Amino acid sequence: MGNIQVRLPDGKTTEVSSGLKIQELAASLGIDSNVIAAKIDGVAVDLDRALSRDCTLDWISLNSPEGLDILRHSTAHLMAQAVQDLFPGTQVTIGPTIEDGFYYDFKRDRSFTPEEIEKIEACMRELAALNLKVAREEIARESAIELFRRMGEEYKVEILGDIPEETVSLYRQGDWVDLCRGPHVPSTGAIRAFKLTGVAGAYWRGDEKNEMLQRIYGTSWPTEEALREHLRLLEEAKKRDHRRLGRELDLFSFHPLAPASPFFHPKGAFVYNELVSYMRRLYLRYGYQEVITPQIFDVELWRRSGHYDHFKENMYFTRIEEREFGVKPMNCPGHTFIYASKKRSYRDLPLRYADFGRLHRFEKSGVTAGLTRVRSFSQDDAHIFCAPDQIEGEMAALLKMLREVYQTFQFTEMQVKLSTRPDHFIGSLEVWGRAEDSLAQSLKKEGIAYQVNPGDGAFYGPKIDFVVLDALRRGWQLATIQLDFSMPERFDLSYVTPGGTEARPVMIHRAILGSIERFMGILIEHCAGALPVWLAPVQVRVMTVTDEQKEYAQKVFEELKALGWRVELDGRNEKLGYKIREAQVEKIPYAAVIGDREVKEQTISPRRRGGENLKPMCVKDFVEMLKAEVTQALGN
RNA sequence: GCUGGCGUAGCUCAACGGUAGAGCAGCUGAUUUGUAAUCAGCAGGUUGUAGGUUCAACUCCUAUCGCCAGCUCCA
C-alpha cells in the first residue's frame, strides 16, 4: 500500500497511507466530535470509509444542513430498529428525512398507539446509549434480495428490484440491518436529541390504490437546546393558527351543518371585503373590468368546457324541472359568454374580466382545513382574452401586479413553479407545447427563477404557481397564472384581425390572492392576527381613565368616526390597565387614552399595539399619522 | 375517501363505571381607577348525535356527524 495525497478543507494537503480510515485521519488531526461524516471529492461518505486515492476531503458537521440530514436519517434507522425490536413481524419500507425531521413507514396490521410510541422512543434512547457502531457493508444486489427475502422484508425486496446497480449497501447497527445508500452517523451515540412527533397512515409509494402503511414522524437535532427551540417554534405556530385567531378575534367560525364553509362574522367580513376593495382599486389601475356571472349553469356548459369530464368529482350538481345543473367551480366558462356576446375586434383586446363570484368545489372530507381549504369561496379571479402576440406583454404586467400585491402584504420571498401537462388534459399536444414554452419564456424574460412541476397543470393549460413564505418561513401557494388555448377553441371564440380575417384569442386565467378565504387565513398567520392599520376591522379604541373624561372622549370618538376611521369607545368603569389589555389582546392597532391631562390640553395619548406609548397629540395630528401609515402601507 | 387521535359550559381544561367541576368570558353589585387582568356575588352543561352493555355510563361497545394530524388531492 502506497501513500496518497489528501487535500483538507483548510486547503493544506497531507500525505497518508492508503487504506487509512477517515475517522483515523480525523482523530489524528483533532477534528471536533460534531463531525459525523465526510465528503470525498464532494461525495458524502461515512467516517468509517477508507481513503484509497488522492482526493479532496471535506468534513460534514452535525450543524450543517447535510449533517442534519444524515443525523435525521440515522435517527429514522434507530427508530426502525426499535420498532422491529419491540414489534417483531413489522416490516420496514422507506424512511427518508423531511424538513426538520424524518419519518419511517412500516407494514403492520394495526397502527401504533400513543403508548407504543412512548415505548419506541424509550427503546431508541436505550439503543442510542449503547452507542452501537453503524457499519456499512456492500454486497451484490442478488444477495441482498436473498437476504431480505429470508428476513420477510417484502418491501425491501421490491425496492431492490428497482435498483439498477449491481452492488448495494447495507447498514448494520447491533443485530439490525437495513438497506440504505447512507451515509450515517458513525455510531448510535451521535443521536442525542430527538422526539417522535406523530403517527399517520400513508400509502405505499404514495398511491392510494396501494395498501396503507403506518408512518411514524420524528424530529432530531444536534443538541437538546436545538430540539427545545424547534418545539417552541411549533408552539409559536400553534398560537398563530388562523383557526384559533379567527375565533379569538371574532373573525369567523364554522358549523357542523355546513362543513368546510366559513361564516364570516362582522369583523371578518370587513377584512374580507377590504381585501376585495384593495384588489378592485388595483383593477382600476391595471385595466381590468369587473363582471358578474351566474352561479349555476346547465351541465351542457360544463360538458363543453371540459369540466364535466375532468372536474366532475369536485362539482356540486342539482336537478330541477328535469334539467341538470352544475354549481360553478370556476368562472372561466361564464366569461367566454360575455366575450362571445358580440363580434370582437383586435382593437378590443386584451379584454380583462375580473370576477369575485362565489365558487363551490367539493373537497373530500379529510382534506379541508380552516380557511385554507374550503368548499365555498371566491377568488380574485380574472380572465384575460388576448391575441397570441399580446401574451408576453400581459404576462409582464401580471408579474408586476403580483409583485406589488405581495409587497403590500409583506410577503418578501416567493418561489415559482411551472406546472406542465397533466395526465387528464384537453387540447392537442402541439398546443400544450406552445403554451408551456410561452410561460417559460415569460419567466425567463422577467428573470424569475422557477422549478418545473411536471404533470401538475390544470386540465386546460399549463400554469405558473407562486408560493410565498410567511413569517415562520412556511410556504403557501397563492397566485396562479394559467395559459389556455383550449377554452377559446371549445367556445369558438374569435376576433377580427387588422387584415379582416377571423382569429382565435388566447385566454389567461389568473388569480393573485388565490381564494380570498385562503389568503385571509394565510395573512392572519403571517401577521399573527395583528393586521395592518388599513385592514384592521377596528383601527382605534378610544378609552377613558375615569368617568370624568367621558364627554371629551365621546367627542374624540365622534370626530374620528366622522373622518371615516373605524373606531370604538371604551368608557367602561374599569382600570386603564384592564382596558389596555383588552385592546391589546384584540390586536387593535391603536389605543387612544384620555385622562384628565388630555382633557385639559385637548389631546389624546395614543398607544401602539405592541406597547409603544406616543406623546400626547391633538386629534388632527393623530389622524395625519394614521393617514401616513396607511399611505405608506398601500404605497399610493 | 383512507389511517389514527379527539369531541364535557362561549373558550381552555378537570372528573375516567356510582347521579359533572375550575379558571377565563358573560350577567349583577361595589370600586373612579394613567398604559397587559380590582373585588364580591349570580347564572351557565339531556358530557357531539343515535343505539347498545350494565343495578348504574362523561367514563365500556357499535354506528354516525364534526374537528385535528397525516396520506391522496388542490386555490
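In the text below, chain A, chain B and the rest are named by the order of the sequence lines, each starting its count at 1. This is a predicted model, so every value here is computed, not measured.
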For this session: For residues A/Y104 and A/F102, establish whether the separation of their ring centroids is below 6.0 Å.
Result: no

Exercise. Have a look at A/Y203 and say if it touches a base, only the backbone sugar-phosphate, or nothing, with a 4.0 Å heavy-atom cut-off.
Key: base

A/E574 atom CD is separated from B/A36 atom C1', nearest whole Å, by 14 Å

Only one of A/F297, A/F362, A/Y308 passes ring-ring contact (aromatic ring centres under 6.0 Å, His included) with A/F317, and that residue is A/Y308

Could you give the distance separating B/G44 and B/A22 at their P atoms, to the nearest angstrom? 13 Å

One should read off an interatomic distance between A/L439 CG and A/S419 OG, to the nearest 0.5 angstrom, of 10.0 Å

*Side-chain ion pair, A/K400 and A/E404, N-O less than 4.0 Å*: no

A/R244 atom CZ is separated from B/G10 atom P, nearest whole Å, by 19 Å

Per atom distances to the A/Y578 side chain, the nearest of B/G34, B/C74, B/U38 is B/U38

When we call it a touch if two heavy atoms are under 4.0 Å apart, what does A/S605 touch: a base, just sugar-phosphate, or nothing?
base

Mind checking if A/E116 touches a base, just sugar-phosphate, or nothing, with heavy atoms under 4.0 Å? nothing

Could you go step by step and tell me if A/E629 and A/Y590 meet the side chain to side chain donor-acceptor pair (under 3.5 Å) rule? CA-CA 12 Å; A/E629 195 173 333; A/Y590 285 97; 2.5 Å; yes

**Report entry** Inter-nucleotide P distance (B/U49, B/G66), Å rounded
**Finding:** 15 Å

Notebook entry, point to check: Base, sugar-phosphate alone, or nothing: which one does A/D207 contact when heavy atoms must sit under 4.0 Å apart?
Noted result: nothing

Show me the protein contacts with nucleotides 43-51 of chain B, counting only N or O atoms at under 3.5 Å.
none

Closest to the side chain of A/M212, out of B/G70, B/G26, B/A75, is B/G70

Using a 4.0 Å heavy-atom cut-off, does A/R215 contact any base of the nucleic acid, only the sugar-phosphate backbone, or nothing at all? sugar-phosphate

Quiz item: Which whole number of Å gives the distance between the P atom of B/U47 and that of B/C58?
Solution: 7 Å

**Polar pair under 3.5 Å, donor/acceptor by atom type, side chain A/E363, base B/A75** = yes

Should A/K463 be listed as having a side-chain N or O under 4.0 Å from OP1 or OP2 of B/A75? yes

Secondary structure of RNA chain B per the Watson-Crick/G-U criterion (both distances under 3.5 Å; [ ] crossing, | other strand, . unpaired) is (((((((..((((....[..)))).(((((.......))))).....(((((..]....))))))))))))....

- is_close_aromatic(A/F466, A/F411), centroid dist under 6.0 Å: no

In whole angstroms, the gap separating P of B/C73 from CG of A/N453 amounts to 11 Å

Of the listed B/U3, B/U12, B/A75, the closest approach to the A/R247 side chain comes from B/U12

To the nearest angstrom, the NZ-C1' distance between A/K209 and B/C71 comes to 14 Å

OP1 or OP2 of B/C74 under 4.0 Å from side-chain N/O of A/R518: no

- request: Answer yes or no on whether A/R518 is positioned over the face of A/W476, meaning its NZ or CZ is under 6.0 Å from the six-membered ring centre and within 45° of the axis.
  value: no

Run the salt-bridge test on A/E568 and A/R541 with the 4.0 Å N-O cut-off and return the result as yes or no.
yes

Rounded to whole Å, the CZ-P distance (A/F519 to B/A75) equals 17 Å

Hey, does A/Q477 reach any base, or is it just sugar-phosphate, or nothing, if we go heavy atoms under 4.0 Å?
sugar-phosphate

From NZ of A/K575 across to P of B/G34 the rounded distance in Å is 7 Å

Taking only the P atom of each, what is the distance from B/G52 to B/C11 in whole angstrom? 30 Å

(Q) Given 3.5 Å as the limit, does a donor-acceptor pair link the side chain of A/T75 with the main chain of A/S220, or not? (A) no

Between B/C16 and B/A56, how many Å separate the two C1' atoms, rounded to a whole number? 15 Å

### Query
Is the A/F112 to A/F87 ring centre distance short of 6.0 Å?
yes

Short heteroatom pairs, N/O only, protein and nucleotides 62-68 of chain B, under 3.5 Å:
unit_1	atom_1	unit_2	atom_2	d
B/C68	OP1	A/R243	NH1	2.9

Are A/E612 and A/R607 ion-paired here, with the side-chain N under 4.0 Å from a carboxylate O? no

From the list A/H307, A/H424, A/H509, ring-ring contact (aromatic ring centres under 6.0 Å, His included) partner of A/F459 resolves to A/H307

Testing B/G34, B/A36, B/G70 for proximity to the side chain of A/Q584, the answer is B/A36

Would A/F377 pass as stacked on B/A75, i.e. its ring centre under 5.5 Å from the base's six-membered ring centre and planes under 30° apart?
yes

Here the distance between atom P of B/U38 and atom CZ of A/R572, to the nearest Å, is 11 Å

Problem set entry | Ring centers of A/Y353, A/F385 separated by less than 6.0 Å | yes

### Query
Expressed as a whole number of Å, how far does the P atom of B/G48 sit from that of B/G7?
8 Å

Pick base, sugar-phosphate or nothing for A/G206, based on heavy-atom distances below 4.0 Å to the nucleic acid. sugar-phosphate

Does atom CD of A/E236 have more than 12 heavy-atom neighbours, drawn from other residues, nucleotides or ligands, at distances under 6.0 Å?
yes

With the side chain defined as heavy atoms from C-beta on, A/R581 is closest, among B/A37, B/C71, B/U38, to B/A37

Closest to the side chain of A/Y217, out of B/G34, B/C73, B/G70, is B/G70

Taking for A/G611 and for A/E548 the nucleotide of RNA chain B with the nearest heavy atom, the one nearer the 5' end belongs to A/E548

Original post:
With a 4.0 Å cut-off on heavy atoms, is A/E248 in touch with a base, just the backbone sugar-phosphate, or nothing at all?
Top reply: nothing

When rounded to whole Å, the CD to C1' distance for the pair A/E586 and B/C11 reads 14 Å

